[in-house]
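Presented below is the structure to which this report refers.
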Amino acid sequence: MLLAASDLAGQLSADVVGIAACQPLRVIYSDGYVPDDLIQKDREALEKDISDAETEFRAVMGKRGSNLEWRSTVTFGPLSDYLADQARCADIMVTGVHQSESIFDTSRHVDIGDLVIQLGRPVLIVPTDVEKIILECILVAWKETRESRRAVLDALPLLRKANHVVVCEIASKEEMTAARQHLTDVVGWLKRDGITAEPMAALSTGDDAAGLDVVASDRAADIIVAGAYGHSRLREWALGGVTKDLLLRADRCAFVSH
């Protein structure tokens, strides 16, 4: 993920802020006994992890010549709270996704759904093995929602650099005429910003996530741009019927805004 973030920073001539957060060990004890050794060892492990992360961050990012800054904390609060606060200084947040990680381990890995909802900034979610941000083809997953409008606006810097942009809405047969009008408006708006985009209205088969995946695969999309909304209490988020499993798949970047 660091290599991909470094590559993106180079393409956008951007400064970079590295952010790390983790939670200390939560110990349940009784009878006034505090396991000092356990708490101390956990603290030392946390400090080492953060130090190692900063070293790796500076080693990778320093090769690009970008201005660098590092921010980190150990907190008992949700990791997404700290990251969202620090995002006030940035245009976009880049984060990795690891499908092998447990969704219940929130002490070291932020809940991306919570992060997107809180952030107030777009998030570029990068699969583990991606080292470069390819901008050959970007697929905009359009839906008539506030979140989609926000996502396309936030994605303008990337869309301007893309060689090909496809704006796709998946709709039922009854909604197809309206969907084409939506796409005409979006493509026209992008054109006024100097971006040539291809409209695509795809017929829904009942599973919009699978339908969007087919379109992304057929067009060899490097990035999916999507609006995100959901219920952080349930730790779930979606673009209409497009589920977390699609946007967090291991072989494609996702650019999402709430």
Side-chain angles (χ1 to χ4, degrees), residues 4-5 8 11-12 14 80 83-84 87-88 90-95 97 110-127 130 133-162 164-171 178-179 181-202 208-209 211-213 215-216 219 221-232 236-249 252-258:
L8 181 63
Q11 294 187 57
L12 299 178
S80 58
L83 298 180
R88 60 180 172 265
D91 297 310
I92 181 175
M93 180 169 287
V94 181
T95 186
V97 58
V110 68
D111 183 284
I112 295 180
D114 285 348
L115 181 64
V116 170
I117 290 171
Q118 291 178 247
L119 205 59
R121 295 289 192 273
V123 180
L124 180 64
I125 304 166
V126 180
V130 171
I133 301 299
I134 307 299
L135 300 174
E136 179 64 32
C137 179
I138 295 181
L139 174 64
V140 176
W142 183 258
K143 200 78 172 176
E144 277 295 284
T145 64
R146 165 202 170 277
E147 290 78 12
S148 287
R149 294 189 288 274
R150 180 77 255 174
V152 177
L153 180 64
D154 288 341
L156 284 177
L158 298 185
L159 297 176
R160 293 188 188 107
K161 290 183 172 293
H164 188 53
V165 176
V166 179
V167 184
C168 177
E169 180 171 350
I170 298 177
Q181 183 57 56
H182 302 159
L183 296 173
T184 297
D185 287 344
V186 176
V187 168
W189 175 74
L190 289 171
K191 186 175 182 179
R192 290 192 291 275
D193 206 86
I195 299 167
T196 300
E198 173 192 351
M200 180 179 181
D208 290 352
L212 184 60
D213 189 31
V215 173
R219 298 306 179 95
D222 303 297
I223 299 174
I224 294 180
V225 172
Y229 65 91
H231 309 283
S232 60
E236 62 184 11
W237 55 287
L239 166 71
V242 180
T243 64
K244 181 193 298 186
D245 290 338
L246 174 60
L247 294 181
L248 300 189
R249 60 184 301 120
R252 187 178 295 116
C253 295
F255 180 102
V256 295
S257 289
H258 175 67

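Note that the structure is predicted; figures quoted are calculated from it, not measured.
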Going through the checks in order, is the side chain to side chain donor-acceptor pair (under 3.5 Å) test met by E198 and H164?
CA-CA 8 Å; E198 173 192 351; H164 188 53; 3.0 Å; yes

[X] [atom1] to [Y] [atom2] distance, which is reported to the nearest 0.5 Å:
X    : Y    : atom1 : atom2 : value
Q181 : E144 : CD    : CD    : 10.0 Å
S257 : R149 : OG    : CZ    : 13.0 Å
I170 : K143 : CD1   : NZ    : 7.5 Å
I92  : D154 : CD1   : CG    : 8.5 Å
D193 : L153 : CG    : CG    : 9.0 Å
L190 : D185 : CG    : CG    : 11.0 Å

Check whether [X] reaches the backbone of [Y] with its side chain - one donor and one acceptor, N or O, closer than 3.5 Å.
X    : Y    : value
S80  : L115 : no
D222 : I138 : no
Q11  : I133 : yes

So, do [X] and [Y] sit near enough that their side-chain heavy atoms are less than 4.5 Å apart?
X    : Y    : result
P199 : V167 : no
P122 : V256 : no
L139 : L212 : yes
L156 : I195 : yes
V130 : R252 : no

For the residue pair [X] and [Y], what are the closest heavy atoms and their distance?
X    : Y    : result
T196 : V165 : O-CB, 4.0 Å
A151 : F255 : O-CE2, 3.7 Å
L159 : V152 : CD1-O, 4.1 Å
A141 : S148 : O-OG, 3.9 Å
M93  : A87  : CE-CB, 4.2 Å
L83  : L119 : O-CD1, 4.0 Å

Report the C-alpha distance between L124 and T95 in whole Å, list the side-chain angles of each, state the deciding distance to 0.1 Å, and finish with yes or no for side chain to side chain contact (heavy atoms under 4.5 Å, CB included).
CA-CA 6 Å; L124 180 64; T95 186; over 6 Å; no

Lys/Arg N to Asp/Glu carboxylate O, R121 vs D91, below 4.0 Å
no

One pair to check against side chain to side chain contact (heavy atoms under 4.5 Å, CB included): L12 and K161. What are the steps and the verdict?
CA-CA 9 Å; L12 299 178; K161 290 183 172 293; 3.5 Å; yes

Would M200 and R219 satisfy side chain to side chain contact (heavy atoms under 4.5 Å, CB included), going step by step from the backbone distance to the final call?
CA-CA 11 Å; M200 180 179 181; R219 298 306 179 95; 3.8 Å; yes

